[in-house]
There are 2 protein chains.
Amino acid sequence: MNSRQNLTPDDVVECLRRHDIRPSAQRVAVASFVLQVDEHPSAERVLSGVQADFPMISRATVYNTLHLFVEQGLLREVKLGSSSIVYDANTDRHHHLIDDETGQIHDIPWQAVEVDQVTEIEGFEVREYQVVFKGRRKHNR
Amino acid sequence: MNSRQNLTPDDVVECLRRHDIRPSAQRVAVASFVLQVDEHPSAERVLSGVQADFPMISRATVYNTLHLFVEQGLLREVKLGSSSIVYDANTDRHHHLIDDETGQIHDIPWQAVEVDQVTEIEGFEVREYQVVFKGRRKHNR
DNA sequence: GTTCGTGCAAACGGTTTGCAACAAT
DNA sequence: ATTGTTGCAAACCGTTTGCACGAAC
């Protein structure tokens, strides 16, 4: 459920600026990939994806850059089922569904579900929450 | 929120048998620890915990044993915020809260919250779900 | 005498770190 | 000149694997 809008390099640069991130060539490359890929990529996935058309980017830079993006609110880390951290360009509130077969993580709109009484968790102060679903794609029709 | 009942070795042996697990010395040691510890331990945590009074147990055996326990429904794996897989002796439906400060995972009773419209997730067949809360302990009183 | 359980040590995979080189201002 | 950014390689940590020894039926 990722935007998939075709972003021009200029769009990406502006987006970085909006998040107080200086637009180096590497950062633009990482951002372009992460903002347009139609999945929730892990750092290693980002590395190989970006290396496809930007071969001289290093692993360390990708990790640095992703951390920076998270810090600046451009991305969110998602740590669920999978063995690796994945990144989510959708920074609005939403839920997640983990595909039983593929392990892929899908965004579920916030209004798809209604959760009640959240403020009332005994003994805890809840800062945020989400529903994590497990299941699978409904076949063809 | 773990039971903390004092289990005798015999209780543990019986519990293993109920789950079709042959009670070796190592398995009893792992089960005793995991069923009584008041937290959600990682495999490494189980290893060091069990080694405390059972020094000659190997890493591989702990990992094997935990996997076996999960397979047999004695434990559940919990893969959330933390970098490692943790194990949950509470096999009933429940939610989880991740402590912002400590990273600790707490069980939240199923009825603490009400979730609606879960069957209606567009395009997916939901097999199970839980709410994942993030927050912190309410200070003393 | 197979099968099952255990131990050891090495491999693995994703992430982090330290450090040196190189911009950028 | 200081600060920020990159690249490389090694370290790290939790987990997995292969294999050989030993116990159990």
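In the text below, chain A, chain B and the rest are named by the order of the sequence lines, each starting its count at 1. Computed from a prediction, not measured in an experiment: that's the story for all the values here.
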Could you check which of [options] has an atom nearest any side-chain atom of [X]?
X     : options               : answer
B/T61 : D/dT15, C/dC4, C/dT6  : C/dT6
B/A60 : C/dG14, D/dG14, C/dC8 : C/dC8
A/S84 : D/dT15, C/dT15, D/dT5 : C/dT15
A/S58 : C/dT16, C/dG14, D/dG7 : D/dG7
A/Y63 : D/dT6, C/dG14, D/dT5  : C/dG14

Which part of the nucleic acid does B/R59 contact within heavy-atom distance under 4.0 Å: base, sugar-phosphate only, or nothing?
base

Do you know which two heavy atoms are closest between B/F124 and A/K138, and how far apart they sit?
O-CE, 3.6 Å

Take atom [atom1] of [X] and atom [atom2] of [N], then tell me their distance rounded to the nearest Å.
X     : N      : atom1 : atom2 : answer
B/I21 : C/dC4  : CD1   : P     : 15 Å
B/E44 : D/dT15 : CD    : C1'   : 8 Å
A/L68 : C/dT16 : CG    : P     : 14 Å
B/Q26 : D/dA24 : CD    : C1'   : 13 Å
B/Q72 : C/dC4  : CD    : C1'   : 14 Å
A/I57 : D/dT5  : CD1   : P     : 14 Å
B/I85 : C/dG14 : CD1   : C1'   : 13 Å
B/L66 : C/dT6  : CG    : C1'   : 15 Å

Between [X] and [N], does any side-chain N or O lie under 4.0 Å from OP1 or OP2?
X     : N      : value
A/R22 : C/dT25 : no
B/S24 : C/dT6  : yes
B/H67 : D/dT16 : yes

Any donor-acceptor N or O pair under 3.5 Å, side chains B/E44, B/Y63
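B/Y63 and B/E44 do have a side-chain donor-acceptor pair below 3.5 Å.
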
A/N64 and A/T61: side-chain donor and acceptor closer than 3.5 Å?
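No pair is found: no donor N or O on one side chain lies under 3.5 Å from an acceptor on the other.
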
Going from NE2 on B/H94 to CD on B/Q130, what distance comes out if it is rounded to the nearest 0.5 angstrom?
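Going from NE2 on B/H94 over to CD on B/Q130, the span is 7.0 Å.
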
Could you grab the distance from atom CG of B/D88 to atom NE2 of B/H40, nearest 0.5 Å is fine?
3.5 Å

